[in-house]
2 protein chains.
Amino acid sequence: MMGSSEKIEQARQDYIESLAETMEMYGLSPSMGRLFGIMFFHDEPMTLDEMRGLTGMSKTSMSTGVRALSRLKLVHKKWQKGVRKDLYEAEHDQFRSFVDFFSQLWEKEIELNQKTLKKAEKNLTNLLNDPELTPDEKEQVESDLSKLEQAQLYYTWLEKLAHSFESGEIFKHVPIPNQKE
Amino acid sequence: MMGSSEKIEQARQDYIESLAETMEMYGLSPSMGRLFGIMFFHDEPMTLDEMRGLTGMSKTSMSTGVRALSRLKLVHKKWQKGVRKDLYEAEHDQFRSFVDFFSQLWEKEIELNQKTLKKAEKNLTNLLNDPELTPDEKEQVESDLSKLEQAQLYYTWLEKLAHSFESGEIFKHVPIPNQKE
DNA sequence: CTGTTCGTACAGAAAAAACTGTACAAAATT
DNA sequence: AATTTTGTACAGTTTTTTCTGTACGAACAG
């Protein structure tokens with residue numbers, strides 16, 4: 001038979017594990033997910049050493065893990081007077097975490113691919129003027145160009161979507177439901 | 001100096017590599033990304049052996065890779081009369097790929113976490129009636145419950161968002177721009 | 001029925017990622 | 001100024017993932 005404290009702990013652990021699995025789907029490592037889960041339930045901002053204590057992992061891992069989570073804005077550094085150690089807490093607003101996470105991801109995709117896309121488009125367009133181009137090759141180039149043009153359209157749209165997430169406009173179109181569902 | 005064909009090939013390769021990097025961000029392996037890129041440019045549906053030829057990888061890898069891409073609906077099996085081998089082609093509609101990919105991901109997150117969430121909620125709620133609960137523990141339970149309630153709100157919202165993607169409703173709110181931007 | 005061809009399961013090898021302990025620089029404390 | 005505390009860089013180890021080759025069953029062809 002479990003005592004009350006153990007039951008509380010068990011419920012937490014179960015949900016944390018579930019959260020971690022989810023975050024794994026999104027490309028984070030399981031331990032980073034678990035770390036986030038722990039911070040999600042921890043009411044006070046945490047130090048690296050506390051994290052080490054609760055995860056049982058090395059301080060180095062905590063340091064890198066929490067920095068990765070910070071970059072994704074899932075976790076924030078929080079300053080407290082009189083405390084020398086760095087303090088971190090999980091972002092309380094899950095909606096914010098969500099929209100930030102995906103808009104960041106998509107912005108990165110856009111930046112990365114659009115650069116390459118433009119360059120490829122330019123090279124191919126130049127090639128169209130090359131007199132040595134065989135008819136077959138020309139057709140090939142045109143086919144590729146039309147694919148890239150289509151892709152460009154997609155990136156333009158994605159940019160708009162990312163903005164809509166970042167700005168919170170998305171919540172106008174898909175509103176947050178009332179407390180009582 | 002490069003011939004025309006090499007230049008075409010180079011432009012493709014560059015973009016493919018870029019695509020692959022993006023897909024890596026989304027948790028796919030680089031080679032799966034590259035495979036998708038190749039199929040993106042390949043006009044005809046491809047057989048496993050053609051893929052093997054173009055990627056230089058084993059047929060086993062092609063088989064598993066293409067099946068993973070199929071599950072994500074980034075690639076489709078296509079039947080052609082008289083052809084015995086399985087044929088696959090990349091989904092032409094990038095918008096569809098995108099919304100399918102993310103709504104699938106989110107639905108999975110919801111299913112996975114909501115189950116655990118409900119169970120944890122139930123256990124904690126039961127615990128509230130336990131006479132052995134110390135005041136501290138009670139506070140703890142209530143704090144956890146309120147976090148879970150908040151999370152539930154998030155899943156309810158996410159479900160709506162996923163539907164909006166799946167159904168294409170999202171395109172009403174964030175319209176696809178015109179061909180000529 | 002016999003011999004091919006095709007896709008995939010599976011075990012092991014190769015490659016990549018995650019994790020740890022040590023070492024050290026920066027900042028704070030004495 | 002000397003000492004302690006704190007976070008991170010880095011090298012090496014462990015764990016996980018990815019990839020390959022062999023083997024085999026199913027579908028087809030002769």
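Just so we're on the same page: letters track the sequence lines, and every chain starts at 1.
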Roughly, in whole Å, what's the span from CD in A:Gln80 to P in D:dT6?
15 Å

For B:Glu24 and B:Ser29, which I'm curious about, is there any donor-acceptor pair between the side chains at under 3.5 Å?
no

Among D:dA9, C:dA9, D:dT6, which nucleotide sits nearest the side chain of A:Arg67?
D:dA9

Within this structure, what is the CH2-to-C1' distance between B:Trp79 and D:dA27, rounded to whole angstrom?
15 Å

Do you see a donor-acceptor pair shorter than 3.5 Å between the side chains of A:Ser146 and A:Gln150?
no

In whole angstrom, what separates B:Arg84's CZ from C:dC6's C1'?
6 Å

For C:dC6 and B:Arg52 - does any side-chain N or O of the residue sit under 4.0 Å from the phosphate oxygens OP1/OP2?
no

Using whole Å, report how far CE of B:Met51 lies from P of C:dT8.
10 Å

Using the 3.5 Å cut-off, write out each protein N or O paired with an N or O of nucleotides 17-24 of chain D and the distance between them.
from, atom 1, to, atom 2, distance (Å)
D:dC19, OP1, B:Ser31, OG, 2.1
D:dC19, OP2, B:Ser31, OG, 3.0
D:dT20, OP2, B:Ser58, N, 2.9
D:dT20, OP2, B:Ser58, OG, 3.0
D:dT20, OP2, B:Ser61, OG, 2.8
D:dG21, O6, B:Thr60, OG1, 3.0

B:Leu48 CG - C:dC6 P separation (whole Å)
10 Å

Option passing ring-ring contact (aromatic ring centres under 6.0 Å, His included) with B:Tyr26 (candidates B:Phe98, B:Phe102, B:Phe36)
B:Phe102

Atom CG of B:Leu87 to atom C1' of C:dG7: distance rounded to whole Å?
13 Å

Output the rounded distance in Å from CG (A:Leu35) to P (C:dC19).
10 Å

B:Gln104 side chain vs B:Arg71 backbone, donor-acceptor pair below 3.5 Å:
yes

Distance alone, cut at 3.5 Å: any donor-acceptor contact between the side chains of B:His76 and B:Glu91?
yes

Any side-chain donor paired with an acceptor under 3.5 Å for A:Gln140 and B:Arg12?
yes

Measure the distance from CG on B:Asp86 to P on D:dA26 and round it to the nearest whole Å.
16 Å

